[in-house]
There are 6 protein chains.
Amino acid sequence: MNRIGVCPGTFDPITNGHLDIVSRSLKFFDTVIVAVALNPLKTPLFDIKERLEMIADSTTGLTTVQVEAFDGLLVDYLKRKGAHGIIRGLRAVSDFEYELQMAMMNRHLDQTVETLFLMPSVEYSFLTSTIIKTVASYGGSIDGLVPPLVARRLRAKFSTRADRSAP
Amino acid sequence: MNRIGVCPGTFDPITNGHLDIVSRSLKFFDTVIVAVALNPLKTPLFDIKERLEMIADSTTGLTTVQVEAFDGLLVDYLKRKGAHGIIRGLRAVSDFEYELQMAMMNRHLDQTVETLFLMPSVEYSFLTSTIIKTVASYGGSIDGLVPPLVARRLRAKFSTRADRSAP
Amino acid sequence: MNRIGVCPGTFDPITNGHLDIVSRSLKFFDTVIVAVALNPLKTPLFDIKERLEMIADSTTGLTTVQVEAFDGLLVDYLKRKGAHGIIRGLRAVSDFEYELQMAMMNRHLDQTVETLFLMPSVEYSFLTSTIIKTVASYGGSIDGLVPPLVARRLRAKFSTRADRSAP
Amino acid sequence: MNRIGVCPGTFDPITNGHLDIVSRSLKFFDTVIVAVALNPLKTPLFDIKERLEMIADSTTGLTTVQVEAFDGLLVDYLKRKGAHGIIRGLRAVSDFEYELQMAMMNRHLDQTVETLFLMPSVEYSFLTSTIIKTVASYGGSIDGLVPPLVARRLRAKFSTRADRSAP
Amino acid sequence: MNRIGVCPGTFDPITNGHLDIVSRSLKFFDTVIVAVALNPLKTPLFDIKERLEMIADSTTGLTTVQVEAFDGLLVDYLKRKGAHGIIRGLRAVSDFEYELQMAMMNRHLDQTVETLFLMPSVEYSFLTSTIIKTVASYGGSIDGLVPPLVARRLRAKFSTRADRSAP
Amino acid sequence: MNRIGVCPGTFDPITNGHLDIVSRSLKFFDTVIVAVALNPLKTPLFDIKERLEMIADSTTGLTTVQVEAFDGLLVDYLKRKGAHGIIRGLRAVSDFEYELQMAMMNRHLDQTVETLFLMPSVEYSFLTSTIIKTVASYGGSIDGLVPPLVARRLRAKFSTRADRSAP
């Protein structure tokens with residue numbers, strides 16, 4: 001049996017916490033698709049092409065990982081890919097509430113889809129893409145928290161901005 | 001003694017979870033007023049007229065239920081209606097924190113007002129108006145989660161939008 | 001319509017937090033029965049007679065309050081009394097989880113029974129019978145946290161114990 | 001690749017909530033072992049032989065499920081079985097805290113072991129073995145919450161006890 | 001040893017809950033700096049000058065308290081001030097999650113910085129600047145929840161607005 | 001000003017998580033007293049003499065740390081020592097609820113006492129004395145989680161027990 005799992009998210013940008021969950025999920029699936037939500041409602045810092053590039057670069061060595069953008073309902077995307085497992089990381093209580101809510105809605109929409117929760121390594125338990133962007137915007141060090149390419153791109157993004165705001 | 005309860009919210013739109021709480025509250029009150037906050041700070045999907053219509057339609061059979069819009073402080077509205085009970089549903093911890101905070105503030109503003117919390121049926125424990133709108137916007141099935149009129153109006157709303165965004 | 005509510009508990013002993021919830025519930029019910037669980041599995045500090053006496057004494061002025069012991073399933077007790085509302089106080093998250101679990105089980109056992117949650121006054125938000133007994137056992141002041149009779153009986157209980165343990 | 005998962009617990013007795021999690025986990029494993037902790041510190045209502053029988057009876061149709069008792073550290077048991085996934089259900093926040101703590105400790109003890117959390121069906125979200133035993137001890141209906149054999153054995157267990165306590 | 005603590009926030013506006021935490025922190029520090037985040041991402045109701053004035057006015061009697069604006073990373077600000085303690089109030093679970101996350105990120109950025117959490121008085125446990133502004137905008141009483149100058153300024157702010165929106 | 005803090009607990013036995021909190025608290029106090037509750041209600045694994053020895057041994061290098069047993073109310077002990085700060089670690093939500101409850105009770109008993117919460121290092125976020133004892137009782141490795149002397153004593157304690165239970 002070929003098991004396919006989907007790890008969905010906005011990944012704006014991918015962090016070492018995301019990568020930790022992807023790596024842990026490989027034990028349970030023959031293929032894991034990192035599925036990047038196009039999500040037109042939010043304005044991401046990185047456009048979809050940049051987000052896909054950074055994930056692809058960070059997962060180069062992981063031969064059973066694929067990276068794709070998706071739009072529409074997640075359960076419909078899973079059906080198109082022949083996948084039946086959604087992979088999510090659980091960090092904290094606020095996560096937990098939201099994750100259960102989404103998982104229950106997805107189950108309502110498609111009874112054959114199961115959400116599988118994994119726990120990240122404790123050193124990533126405080127990481128979110130939002131906090132990473134805030135720290136990077138103030139010039140704080142994010143090394144060890146994101147892959148090298150992401151760190152470089154964040155620095156480029158915010159130094160450009162600083163230049164622009166200067167007279 | 002004529003007991004009047006007020007069930008406040010934005011109801012954008014009303015869901016079966018809201019209706020479940022309203023129905024359960026009827027045991028404790030002679031009259032229950034579903035009070036729709038005009039709430040000028042948020043831009044609702046449905047305008048106040050549409051929201052009131054959908055609630056009125058969903059509560060047709062419930063003779064002790066009234067539907068009204070309100071503006072200003074909830075405690076002032078209760079005073080005007082001669083009501084002393086605020087009815088709220090409790091789904092999850094994040095709900096709980098926020099609800100306690102609001103209830104404590106309302107008690108500070110008017111010591112005679114009491115907030116009464118009820119638990120929705122488990123099948124509605126993951127329902128929010130926001131998740132309903134998200135699923136509907138992607139064309140997902142929301143049958144069984146909202147009243148029939150709400151489902152029709154959501155479909156109309158989002159098909160119109162899709163048409164508009166098409167060239 | 002005559003509305004009867006039941007406020008169940010072990011009340012070993014009753015605290016001002018319990019009394020606060022009972023007082024708040026009187027708005028919603030024509031009669032409120034404080035129902036003391038016989039609960040043979042735990043060994044209470046006060047026997048059932050003492051617990052009933054302390055509650056009766058603390059609720060003397062509240063003419064719509066009754067006090068009774070009960071055994072067996074709470075939903076069966078409600079049926080015998082013609083009551084359909086269970087009254088519970090909500091203090092904190094740990095409370096909340098347990099309370100929802102019990103409320104869901106009671107709903108499973110009898111669909112006509114509703115649990116109504118009220119919020120105690122903030123000054124009682126940290127009160128439990130257990131913490132009261134611990135403080136009293138060390139001779140700490142519990143005035144303002146329990147009714148006067150309870151304070152006297154706790155002092156008597158623990159001074160007796162101290163005497164006994166002396167040679 | 002042959003994936004083996006272990007679903008550990010005391011199962012005193014197994015409930016429909018446990019069975020729901022076991023069924024959902026079958027998608028992710030070629031074999032799922034329901035591992036019953038001997039757990040000498042607690043005094044279970046059912047001895048190990050009874051607990052294993054009730055699980056075996058409830059999982060008769062599930063050909064990839066095995067049932068076994070285990071003693072000692074869970075991570076050592078997984079190593080002996082060639083398994084690398086621990087399967088746990090997540091119901092509520094209190095669960096969540098405890099489960100994360102156990103999962104972190106197991107990861108500390110063996111980095112190759114991963115804990116995979118699944119969400120039970122909402123109708124079982126309030127079920128625990130403890131609440132089932134409490135309800136059954138008072139003669140409450142537990143049909144639909146436990147497998148038929150468990151319901152019969154609980155009734156037998158508690159009617160025997162009632163007889164014994166009668167003069 | 002001269003101990004310097006920093007109590008950071010947006011303080012839009014300062015509430016009695018904030019002042020309660022500042023007062024409690026004075027026991028542990030020789031100097032406490034109330035540090036107002038310039039925070040260009042949010043649009044505050046009060047500009048930085050107004051926010052600093054209201055804090056200075058509310059802390060007139062507290063001789064070991066200083067008030068300053070800061071920009072950039074909090075840990076960098078602490079280094080510049082020779083401070084090593086961040087002071088935060090803890091009200092509720094949602095607070096707690098967010099606070100732990102921030103504290104862990106700050107520790108990652110600077111291992112020498114410690115976050116110290118204090119508990120506000122229970123009567124302020126429901127207070128946030130946001131709820132204060134909402135109540136004030138509807139003309140509700142906020143006396144006893146904010147310092148007198150803040151109450152006056154809020155009334156002025158919202159009466160001006162009402163005038164403006166009138167024709 | 002000479003600041004004295006008290007870090008209370010059962011310490012049965014002390015873990016690296018406890019030591020982490022004690023070390024972090026040294027910044028805020030000139031003297032920190034690790035105060036071991038005699039706590040006659042629980043039966044500890046290690047008697048008071050052993051518990052004090054293990055703490056003294058683990059804190060040898062920390063010259064501003066003292067170790068003592070105490071009995072009775074914690075606030076009375078603080079008064080006797082001239083201390084006004086209680087030091088507690090915060091790991092998780094369940095901790096948080098209980099800790100707030102205790103802190104509020106202690107504040108009720110003595111308004112001059114303040115509880116100061118610190119966050120342990122993430123690698124100790126899952127550590128409790130109970131889980132350490134459970135793992136040690138099954139022969140699991142606890143190195144890196146407790147000080148060396150504690151690890152040796154736990155091994156001695158449980159190997160002795162195993163010998164005793166053998167025929």
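Because only heavy atoms are used, hydrogens play no part in the values below, and waters and symmetry mates are left out as well, while side chains stay in. Order of the sequence lines sets the chain letters (A, B, ...), proteins ahead of strands, with each chain counted from 1. Source: prediction; values computed, not measured.
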*How many angstroms lie between atom OG of F:Ser125 and atom CE of E:Met104, to the nearest 0.5 angstrom?*
7.5 Å
*asked:* In terms of relative ring orientation, are E:His84 and F:Phe28 parallel, tilted or perpendicular, with 30° and 60° separating the classes?
replied: tilted
*Smallest separation among heavy atoms of E:Leu90 and F:Leu90, with atom names*: CD1-CD1, 3.4 Å
*Using modelled atom types only, decide if a donor and an acceptor are shared between the side chain of E:Arg107 and the backbone of F:Met119 within a distance under 3.5 Å.*
yes
*asked:* Is any side-chain heavy atom of E:Arg3 closer than 4.5 Å to one of F:Asp30?
replied: yes
*Look up atom NZ in E:Lys27 and atom OG1 in F:Thr112, then write down how far apart they are to the nearest 0.5 Å.*
5.0 Å
*Donor-acceptor contact present, side-chain F:Arg24 to main-chain E:Thr115, <3.5 Å*: no
*E:Gly5, E:Ser25, E:Pro120: which one forms the most heavy-atom pairs within less than 4.5 Å of chain F?*
E:Pro120
_Atom pair OG (F:Ser121) and CD (E:Gln111), whose distance is rounded to the nearest 0.5 Å_ = 7.5 Å
